[in-house]
Amino acid sequence: IRGGSLDQHFLVNEPILDSIAEAADLQGDDVVLEIGGGIGNLTERLVARAGRVIVIERDPRLVTVLQDRFHDVSNIDIIKGDTMKVELPAFNKVVANLPYSISSPITFRLLNHGFEKGILMYQYEFARRMVEVPGSKNYGRLSVDTQYFADVRLLRKISPSAFTPAPKVWSAVVEVVPRPPAFEVKNEQLFFRVVEAAFGQRRKKMKNALTKFNPPLANQESILRLIPEDFLGKRAEQLFPEDFATISNILYEARDD
Ligand code: SAM
């Protein structure tokens with residue numbers, strides 16, 4: 001099967017496929033979720049190393065390809081469906097060459113579900129935004145939200161030539177290791193709303209950005225005065241994830257709804 005006829009870019013570079021499977025550090029008792037099995041190049045390496053592999057693939061033609069290719073393999077389950085809609089099975093590791101159009105919703109669905117370790121491929125720019133720290137131009141809402149849930153590390157950048165057909169963009173493999181938040185957040189929903197409002201106006205000082213909650217917070221005007229001037233005078237891209245936690249905790253304590 002040629003990827004082109006399916007609007008997909010399949011990873012075909014053998015050393016890179018090996019390195020992704022190796023990075024997952026698979027053991028006999030691991031249950032691995034693979035999202036978007038495609039023609040099974042990565043899947044083949046997973047079933048050889050893990051206790052069990054569960055593949056979710058949306059394209060019925062590729063489901064048939066996978067069923068044929070792994071007909072004689074006993075430690076695989078192939079689920080036909082959309083990863084955003086199916087009930088996620090129990091798993092402890094996740095490996096995926098993700099469809100880039102749904103990188104963000106899939107990642108947060110996985111992070112909310114919980115797992116031990118993920119080796120996930122993204123478009124390079126997206127991967128950079130996930131792993132960046134304050135002061136970098138790629139640091140933003142995606143960095144803070146991701147790092148709230150997990151330690152993330154960019155393992156390698158991948159050239160378009162590793163795929164067939166070659167896509168226009170570069171890719172990157174990211175290691176995602178979920179852990180409890182590194183700081184106290186009294187109300188998660190409010191924390192994420194503060195981050196969203198702050199980076200929604202990333203060139204503005206927090207003093208102005210925080211007036212743009214959508215919908216506005218109850219008694220917003222008076223409670224924003226409780227935030228230390230030190231934070232209000234900075235721009236979102238200068239603040240660390242724990243600073244957003246401090247701000248959201250102050251707002252949470254002061255709420256009267
Ligand atoms: N992992 C394969 C490889 O490296 O050759 C294929 C990667 S391709 C970029 C993405 C795969 O995800 C395709 O097989 C596509 O059909 C599948 N896919 C796209 N959206 C999906 C979704 N929402 N749920 C499950 N699979 C999906």
Side-chain angles (χ1 to χ4, degrees), residues 1-24 26 30-50 52-70 73 75-91 93-113 115 117-127 130 154-176:
I1 290 195
R2 298 220 15 100
S5 64
L6 296 161
D7 298 321
Q8 297 293 345
H9 305 278
F10 296 110
L11 182 59
V12 292
N13 180 300
E14 305 268 336
I16 294 177
L17 286 160
D18 288 341
S19 77
I20 292 175
E22 268 154 35
L26 297 174
D30 281 332
V31 178
V32 186
L33 176 68
E34 185 188 6
I35 298 169
I39 50 179
N41 292 344
L42 188 53
T43 321
E44 179 178 58
R45 287 158 169 87
L46 304 178
V47 292
R49 291 167 165 89
R52 186 141 211 98
V53 177
I54 305 165
V55 189
I56 306 178
E57 173 55 61
R58 189 184 57 178
D59 187 324
R61 295 166 296 182
L62 292 170
V63 169
T64 305
V65 171
L66 291 168
Q67 284 166 341
D68 288 348
R69 184 164 177 178
F70 300 105
V73 173
N75 64 336
I76 187 169
D77 293 311
I78 301 168
I79 299 175
K80 189 199 299 187
D82 180 339
T83 311
M84 289 309 297
K85 295 185 183 144
V86 298
E87 191 183 328
L88 292 179
F91 61 94
K93 292 189 176 164
V94 52
V95 174
N97 170 358
L98 297 164
Y100 295 161
S101 56
I102 46 174
S103 292
S104 191
I106 286 195
T107 300
F108 289 102
R109 179 145 201 239
L110 292 171
L111 287 170
N112 278 302
H113 184 271
F115 54 91
K117 182 175 186 165
I119 303 297
L120 308 175
M121 184 134 80
Y122 297 97
Q123 185 168 331
Y124 176 69
E125 289 76 12
F126 187 93
M130 288 175 81
L154 199 154
L155 298 183
R156 68 188 292 174
K157 187 174 176 179
I158 300 180
S159 147
S161 66
F163 299 83
T164 181
K168 293 201 178 65
V169 298
W170 283 70
S171 301
V173 179
V174 177
E175 179 191 72
V176 179

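Just follow the structure's listing: the first ligand is 1, and inside any ligand the first atom is 1. The figures that follow rest on heavy atoms only: side chains count, while hydrogens, waters and symmetry mates do not.
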Numbering as shown, the atoms of ligand 1 that approach [X] to under 4.0 Å (heavy-atom distance):
X: I102; result: 23 (N)
X: L62; result: 14 (O), 16 (O)
X: G38; result: 6 (C), 14 (O)
X: I56; result: 25 (C), 26 (N)
X: L11; result: 3 (C), 4 (O), 5 (O)
X: P99; result: 12 (O), 18 (N), 19 (C), 20 (N), 21 (C), 27 (C)

| Would you say G81 touches ligand 1, if touching means a heavy atom closer than 4.0 Å? | yes

| task | Check whether any heavy atom of E57 sits under 4.0 Å from an atom of ligand 1. | result | yes

Which one holds for [X] and ligand 1: side chain close, backbone close, both close, or neither close, with close meaning a heavy atom under 4.0 Å?
X: H9; value: backbone
X: D82; value: both
X: L42; value: neither

| No-hydrogen, no-angle side-chain donor-acceptor test under 3.5 Å, T83 and R109 | no

Looking only at protein heavy atoms, which one is nearest to [atom], and how far off is it?
atom: atom 5 (O) of ligand 1; result: F10 CD2, 3.1 Å
atom: atom 25 (C) of ligand 1; result: T83 OG1, 3.0 Å
atom: atom 11 (C) of ligand 1; result: G36 CA, 3.7 Å
atom: atom 26 (N) of ligand 1; result: R58 N, 3.4 Å
atom: atom 8 (S) of ligand 1; result: Q8 OE1, 3.3 Å

| request: Using the side chain to side chain donor-acceptor pair (under 3.5 Å) rule, pick out the option among R52, K93, R49 that qualifies with D30. | output: K93

Sub-4.5 Å side-chain heavy-atom contact between [X] and [Y]:
X: S171; Y: F163; answer: yes
X: L98; Y: M121; answer: no
X: E44; Y: F70; answer: yes
X: L17; Y: V12; answer: no
X: I35; Y: L110; answer: yes
X: D18; Y: R45; answer: yes
X: N13; Y: I158; answer: no

| query | Heavy-atom distance to atom 4 (O) of ligand 1: which of V95, N97, V55, N13 wins? | reply | N97

| request: Please report the C-alpha distance between R69 and N41 in whole Å, then the side-chain angles of each, then the deciding distance to 0.1 Å, and finally whether the side-chain contact (heavy atoms from CB on, under 4.5 Å) criterion is met. | output: CA-CA 10 Å; R69 184 164 177 178; N41 292 344; 3.0 Å; yes

| request: List the steps, then state whether side-chain contact (heavy atoms from CB on, under 4.5 Å) holds for L46 with I76. | output: CA-CA 9 Å; L46 304 178; I76 187 169; over 6 Å; no

| Can you find an N or O of D59 that's nearer than 3.5 Å to an N or O of ligand 1? | no

